[in-house]
Each structure stands twice: as C-alpha cells, then as structure tokens.
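Notes follow the structure.
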Amino acid sequence: RDVIQLKDDELVEGIFRRHLFALWPSLLFAGFFIVIPFFFLFALLSLRVFGVILLVLFVGFGMFFAFKSFIQWDARVLLLTSQRLVHVHQTGAWSRKVFEVPLASVREITCEKRGVKDWICRTATISIVSNGSASDIRFSFIPRYKKFIQQLNALRENIVRRVSVNDIR
C-alpha cells in the first residue's frame, strides 16, 4: 500500500477518490454472475457434480470480479500533499501508474461537468496542466471537487509566498 514515499517536510493535505457511483456498472455485472445461477438452481443441481461446479464457478467469478472492481476503485486516488499532487491510476491487479506534479509547476486547473451522471452525483472531471516535463493529470468523477480546487489553490498560494519570501532574503 505504500506507493508514495513522502518527503521529510511534506504533509498529506487530502485524499480524493472517484465517486462510489463509479463502481455500479462493475458491481452490476458481478451481481449478474452471482444471482443468475440461483434462478437455475434446480436445473443445475439436477446435473449433479457438473451443475454444482458450474454454480460454484459462476458465483466465484462474480465475487472475484466484484472484489477486483472494488480494489481498483480504492487504489485509484488523487493525493494532495503540501508540495505535490500525486495521481495513482490502478488499471489492473498488478498494473499501476503513478503521476506526480509539483505544486509549483501547476499552471492551470480546469473543472468540467459532463452529462447527467455528473449532475446527479455532483461530481466533475478535474484537469491539471503543468509546466515542464511533468505530465498532465486528468481525474474524472471526483466528488467534493470544489473543496479539492480550494485546497489546491491555497497550497499553490503558500508555495508562491514561500518562494517570493526566500527570493527577498
């Protein structure tokens, strides 16, 4: 779980995940494999061992897919620290991409609400454009996006103040 090592004087200011509603399509698909075999329970049990094996396989696959979907949702996170912004993008069980942008190099923050799903769940897609070689970050379906933008702007202002005070000395 320790994907990100904090620096000595760095503090975690906020952890943001996608809205829980983003899980519903995957959980619905998994639920299909868990529930449907029970509609055919007597037919499956009449096949004896083969039917029981099919029942266990369907339910097992559904539970595995539900667990995998939840783990991927939980691992996809936007971490705001006092010095940088880190986006952890979990794409598979063993596939993870980590993007980080120093707060001093954040150039532009845009917030975009798309479709009915964002309107109902009060979520948005955040895009962060940075200077230099740092990669841009795009995080969709984020709840509390206004709080995130306020925290990010406040931390950026603190960094600008610290840099300007150090330039004067």
Point to revise | Gap separating the CG atom of L20 from the CH2 atom of W73, nearest 0.5 angstrom | key: 5.0 Å
Exercise for review: Could you verify whether a donor N or O on one side chain and an acceptor N or O on the other, from Q90 and R76, lie under 3.5 Å apart?
Suggested key: no
Review point. Crowded around K113 NZ? As in, over 12 foreign heavy atoms under 6.0 Å?
Key: yes
Revision key, fill the gap. Between R17 and I15, the two heavy atoms sitting closest are NH1-CG2, 4.0 Å
Check your understanding: With a cut-off of 6.0 Å (strictly less than), are more than 12 heavy atoms of other residues, nucleotides or ligands near CZ of R107?
Key -> yes
Practice item. For F67, look at atom CZ and say whether over 12 heavy atoms of other residues, nucleotides or ligands are found less than 6.0 Å away. Key: no
Revision key, fill the gap. Closest non-hydrogen atoms of T123 and K117, given as atom of the first, atom of the second and distance, are OG1-O, 4.2 Å
Review point. CD of Q151 to NZ of K146: how many Å apart, nearest 0.5 Å?
Key: 15.0 Å
Point to revise | Contact summary for D136 and S130, nearest pair of heavy atoms | key: OD1-N, 3.2 Å
Check your understanding: Any idea which heavy atoms bring P143 and F16 closest together, and the distance?
Key -> O-CD2, 4.5 Å
Review point. Who passes salt bridge (Lys or Arg N to Asp or Glu O under 4.0 Å) against R138, sequence neighbours left out?
Key: E112
Review point. Looking at CD1 of I142 and CG of D118, how far apart are the two atoms once the value is rounded to the nearest 0.5 Å?
Key: 11.0 Å
Exercise for review: Could you tell me whether the side chain of E108 and the main chain of I128 form a donor-acceptor pair under 3.5 Å?
Suggested key: no
Review point. Is the number of heavy atoms from other residues, nucleotides or ligands under 6.0 Å of F58 CZ greater than 12?
Key: no
Practice item. For residues L155 and S82, report the shortest heavy-atom separation together with the two atoms involved. Key: CD2-CA, 4.2 Å
Practice item. For F65, look at atom CZ and say whether over 12 heavy atoms of other residues, nucleotides or ligands are found less than 6.0 Å away. Key: yes
Exercise for review: Quick one: closest heavy-atom pair of L44 and P37, and the distance?
Suggested key: CD1-O, 3.7 Å
Check your understanding: Is the distance between the ring centroids of H87 and F139 under 6.0 Å?
Key -> yes
Practice item. Give the other cluster members for W24, using side-chain heavy-atom distances under 4.5 Å between Ile, Leu, Val, Met, Phe, Trp and Tyr residues; answer none if it is isolated. Key: F21, F141
Exercise for review: Linking directly or through intermediates, with side-chain heavy atoms under 4.5 Å: list the remaining ILVMFWY members grouped with F64, chain and number order.
Suggested key: none
Check your understanding: Are side-chain N/O atoms of E10 and T81 paired as donor and acceptor at under 3.5 Å?
Key -> yes
**Study point:** Euclidean distance, I71 CD1 relative to D74 CG, rounded to 0.5 Å
**Key:** 6.0 Å
